[in-house]
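To find a chain, count down the sequence lines: A is the first, B the second, and so on, and within it residues start at 1.
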Protein chains: 2
Amino acid sequence: MNLKELSELLGLSQTTVSRALNGYPEVSEKTRIRVVEAAREHNYSPNSRATGLATGRAMVIGHVIPLSARHEIVNPVFGDFVAGALQTYSQNNYDMMFAHAVDGGEAEIYKSLYNRRVVDGVVLQGPKVVEPRIKALRDLGIPFVVHGRSSAEHGPYPWVDVDNTRSFRRATEFLIDLGHRRIALINGLEDMDFAMRRRKGYEDAMAAANLPLNPDLMFTEEMTEVAGHHAARDMLRMETPPTAFMVSSMISAIGVRRAIEEAGLKMARDVSVIAHDDDLSYLKNGQDVPIFTATRSSVRHAGEIAAQILIDRINNPQLAPQTRMLEAEIVVGRSTGPGPER
Amino acid sequence: MNLKELSELLGLSQTTVSRALNGYPEVSEKTRIRVVEAAREHNYSPNSRATGLATGRAMVIGHVIPLSARHEIVNPVFGDFVAGALQTYSQNNYDMMFAHAVDGGEAEIYKSLYNRRVVDGVVLQGPKVVEPRIKALRDLGIPFVVHGRSSAEHGPYPWVDVDNTRSFRRATEFLIDLGHRRIALINGLEDMDFAMRRRKGYEDAMAAANLPLNPDLMFTEEMTEVAGHHAARDMLRMETPPTAFMVSSMISAIGVRRAIEEAGLKMARDVSVIAHDDDLSYLKNGQDVPIFTATRSSVRHAGEIAAQILIDRINNPQLAPQTRMLEAEIVVGRSTGPGPER
DNA sequence: TTGAAAGCGCTAACAT
DNA sequence: ATGTTAGCGCTTTCAA
């Protein structure tokens with residue numbers, strides 16, 4: 001059922017039916033009711049391509065995943081962000097498009113999506129420290145918002161981020177307060193902006209406590225089980241192994257914990273592990289567990305906010321770029337056992 | 001730059017330009033080259049909404065995530081499947097649409113996406129044992145493919161699945177061979193078809209070994225860290241606790257392992273854990289690690305296949321529903337320590 | 001308050 | 001080998 005058929009059925013013009021359905025004021029209430037009911041009854045829904053052609057709006061927003069970063073889509077944080085954005089989109093009648101890009105081709109994908117009028121705007125996820133995509137999007141005039149920031153980018157651009165530096169500083173401080181001195185950092189790839197910031201938080205806390213930075217205890221790789229395992233295993237074989245691990249992802253933390261088991265060490269008593277996005281609900285039971293930071297709900301919230309900023313920008317292009325810094329929800333539990341001196 | 005402008009620029013009709021760009025044979029090679037070059041030079045890309053309107057095809061496929069199942073999008077397996085599908089889509093010039101649905105509203109979302117001609121077909125993810133969506137999609141005439149199966153659905157429908165029953169049977173057999181007798185099952189929600197099949201695999205193996213099924217060792221919940229932790233913690237407090245855990249997700253396995261640590265037990269020596277989608281690359285180093293099944297790459301492959309089946313179906317609606325069963329890639333490592341008798 | 005008609009950018013019959 | 005023309009299904013002036 002399309003507009004024409006519906007209007008013929010009602011003995012009205014397409015115009016009137018369209019107006020009635022879209023809430024224009026000049027339609028009589030009587031007609032509107034008749035139209036709306038007939039539409040529902042005959043299961044009419046407007047063809048979004050035709051609407052898009054006529055209005056010039058796609059009502060779709062694009063997300064692009066670098067294909068090389070296959071782990072990215074598997075990163076739970078990614079899903080949290082997307083879930084948040086999805087919620088805001090549906091409240092505003094937007095749909096979400098998903099595209100992927102081979103390495104280096106991301107700018108092309110954005111351009112293609114926008115030029116073909118598939119999307120009205122895009123969300124840039126996983127920005128690197130040096131991120132040419134931001135300039136590209138700005139130059140192309142594509143409405144966008146960044147999840148995260150890019151430190152090397154000095155022009156204004158809209159972003160939403162959680163305070164990664166603060167999270168890692170606070171968590172590291174917590175470990176230091178517990179008496180740990182050899183604290184390892186199992187980080188993501190440090191050309192990613194978030195990873196660089198996390199390292200900074202870690203370094204800041206170490207410096208503030210006058211603890212030396214040991215390059216052998218600072219590892220950077222993709223955030224996978226395997227990478228976490230290898231790094232932790234090697235570190236635990238050192239003469240003076242670390243007594244604690246700051247880990248950038250719950251996924252790499254799986255590997256880290258396994259390495260600890262394999263080394264015959266006991267979690268919490270011999271070694272503490274803080275993973276960035278581990279679930280924290282345990283702590284509510286007041287149990288003896290290692291400490292953690294939690295940002296899962298913060299990330300979901302970031303998705304909601306980012307979507308709203310982008311939608312505002314699409315509707316009002318001359319708006320100044322909005323930015324929003326979210327504090328990660330940090331929860332720390334008690335450390336168990338005799339502590340780090342072994 | 002649109003078709004009209006481009007054709008005026010070239011002194012050709014829109015038709016000829018369109019034909020040149022779409023590879024129709026009746027265009028002279030000379031003209032084609034001239035057109036293609038001008039298009040590239042002026043950065044022309046066809047408006048997909050206009051193309052869609054004219055052709056009746058959206059070149060978009062929809063994926064729907066139940067919002068209630070917020071964990072679903074966070075499940076790594078979900079990402080693997082999507083990544084696989086995305087790859088096939090881009091090879092066939094399809095884009096991927098992402099929608100979400102509040103509980104029970106999934107059929108509406110499918111209908112809406114299809115009626116509005118936003119998508120040409122949809123992928124049904126996370127089918128339940130009883131899955132009304134399949135009948136709904138069939139009745140609506142929407143091209144679709146199911147990732148997984150629905151046991152209560154007896155009519156023909158296209159699906160791609162991994163052999164969950166076999167995976168869990170084999171992994172359970174492996175534990176039994178190692179001498180384990182009290183094997184716990186930490187499963188997902190068993191109204192989900194895959195979870196039901198996994199339980200069946202577990203039960204089959206136990207029955208074949210004449211081992212009793214102990215309801216207290218069979219847990220079913222959402223596959224979260226918290227749920228895994230609670231279940232394992234309670235089981236480990238039993239008089240005769242399990243010596244091994246079969247876990248349905250690497251995420252719940254995090255909770256299970258933590259509960260084991262908290263109980264003062266040593267992984268592998270005291271308790272073995274097999275998690276469904278744990279990464280297995282460890283084993284390649286020939287280390288002493290617990291055993292695992294791996295299906296990560298199988299799931300990605302499932303995504304590729306499912307996408308292809310759907311595309312074929314869209315292009316050829318009278319095709320009989322294709323189905324495809326994939327064998328999960330199963331890898332088992334050596335169990336460490338003195339074994340389960342403690 | 002309603003309708004006629006043009007047009008959004010493309011494809012596909014149907015000429016030529 | 002190229003062009004003319006009529007849509008695809010909607011919105012939006014402009015008229016009535």
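For the OP1/OP2 pair of C:dC10 and a distance below 4.0 Å, the side-chain nitrogens and oxygens of B:Thr51 include no atom meeting the criterion. The side chain of A:Ser18 contributes an N or O atom lying less than 4.0 Å from OP1 or OP2 of D:dT11.
In this structure, CZ of A:Arg49 is placed 23 Å from P of C:dG7, rounded to the nearest angstrom. Look at CD on A:Glu29: it is 13 Å from C1' on C:dT1, rounded to the nearest Å. Atom CD of B:Glu26 is separated from atom P of C:dT11 by 13 Å (rounded to the nearest Å). Taking atom CG of A:Asn2 as the reference point, atom P of D:dG7 lies 14 Å away to the nearest angstrom. Rounded to a whole Å, the CD atom of B:Gln14 is 10 Å from the P atom of C:dC8. Rounded to an integer number of Å, the gap from CZ of A:Arg19 to C1' of D:dT13 is 10 Å. Rounded to whole Å, atom P of D:dG3 lies 17 Å from atom OH of B:Tyr24. For B:Asn47 and C:dG9, the CG to P distance is 7 Å, given to the nearest whole Å.
The side chain of A:Thr15 approaches C:dA4 more closely than any other nucleotide in the set D:dC8, D:dC10, C:dA4. With C:dT1, C:dG3, C:dC10 as the candidates, the nucleotide lying closest to the side chain of A:Thr16 is C:dG3. Listed candidates were C:dT2, C:dC8, C:dC10. Nearest to the side chain of A:Leu53 is C:dC8. The nucleotide whose nearest atom lies closest to any side-chain atom of A:Ser28 is, among C:dC10, C:dC8, C:dT2, C:dT2. The side chain of A:Asn22 sits closest to D:dT11 out of C:dC10, D:dT11, D:dA1. Among the nucleotides D:dT4, C:dC10, D:dG9, the one closest to any side-chain atom of A:Ala50 is D:dG9. You'll find that the side chain of A:Tyr44 is closest to D:dC10, out of D:dC10, C:dA4, D:dG9. In this structure, of D:dT2, C:dC8, C:dT2, it is C:dT2 that holds the atom nearest to the side chain of A:Thr31.
Annotation for B:Arg324: atom CZ does not count as buried by contact number, only 12 or fewer foreign heavy atoms lying within 6.0 Å.
Using bins of under 30°, 30° to 60° and over 60° for the plane-to-plane angle, the ring pair B:His63/B:Tyr89 lands in the perpendicular bin.
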Atom pairs and distances, side-chain donor-acceptor, residues 36-43 of chain A, under 3.5 Å, sequence neighbours left out:
unit_1  : atom_1 : unit_2  : atom_2 : d
A:His42 : ND1    : A:Ala38 : O      : 3.0

Stepwise side-chain hydrogen bond (donor to acceptor under 3.5 Å, both in side chains) check, A:Gln87 with A:Arg300: CA-CA 10 Å; A:Gln87 182 178 317; A:Arg300 191 182 206 287; 3.0 Å; yes
Trace of the side-chain hydrogen bond (donor to acceptor under 3.5 Å, both in side chains) decision for A:Asp193 with A:Ser151: CA-CA 7 Å; A:Asp193 199 79; A:Ser151 301; 2.7 Å; yes
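Between B:Leu3 atom CG and B:Gln14 atom CD the span is 5.5 Å, to the nearest 0.5 Å.
Cation-pi geometry between B:Arg117 and B:Tyr114 is met: the NZ or CZ atom falls under 6.0 Å from the ring centre, inside 45° of the normal.
Considering only residues two or more places apart in sequence or on other chains, B:Asp312 meets the salt bridge (Lys or Arg N to Asp or Glu O under 4.0 Å) condition with none of them.
For the helix from C:dT1-D:dA16 to C:dT16-D:dA1, the terminal axes (five pairs an end, C1' atoms, rotation from four pairs onto the next four) enclose an angle of 40°, given to 10 degrees.
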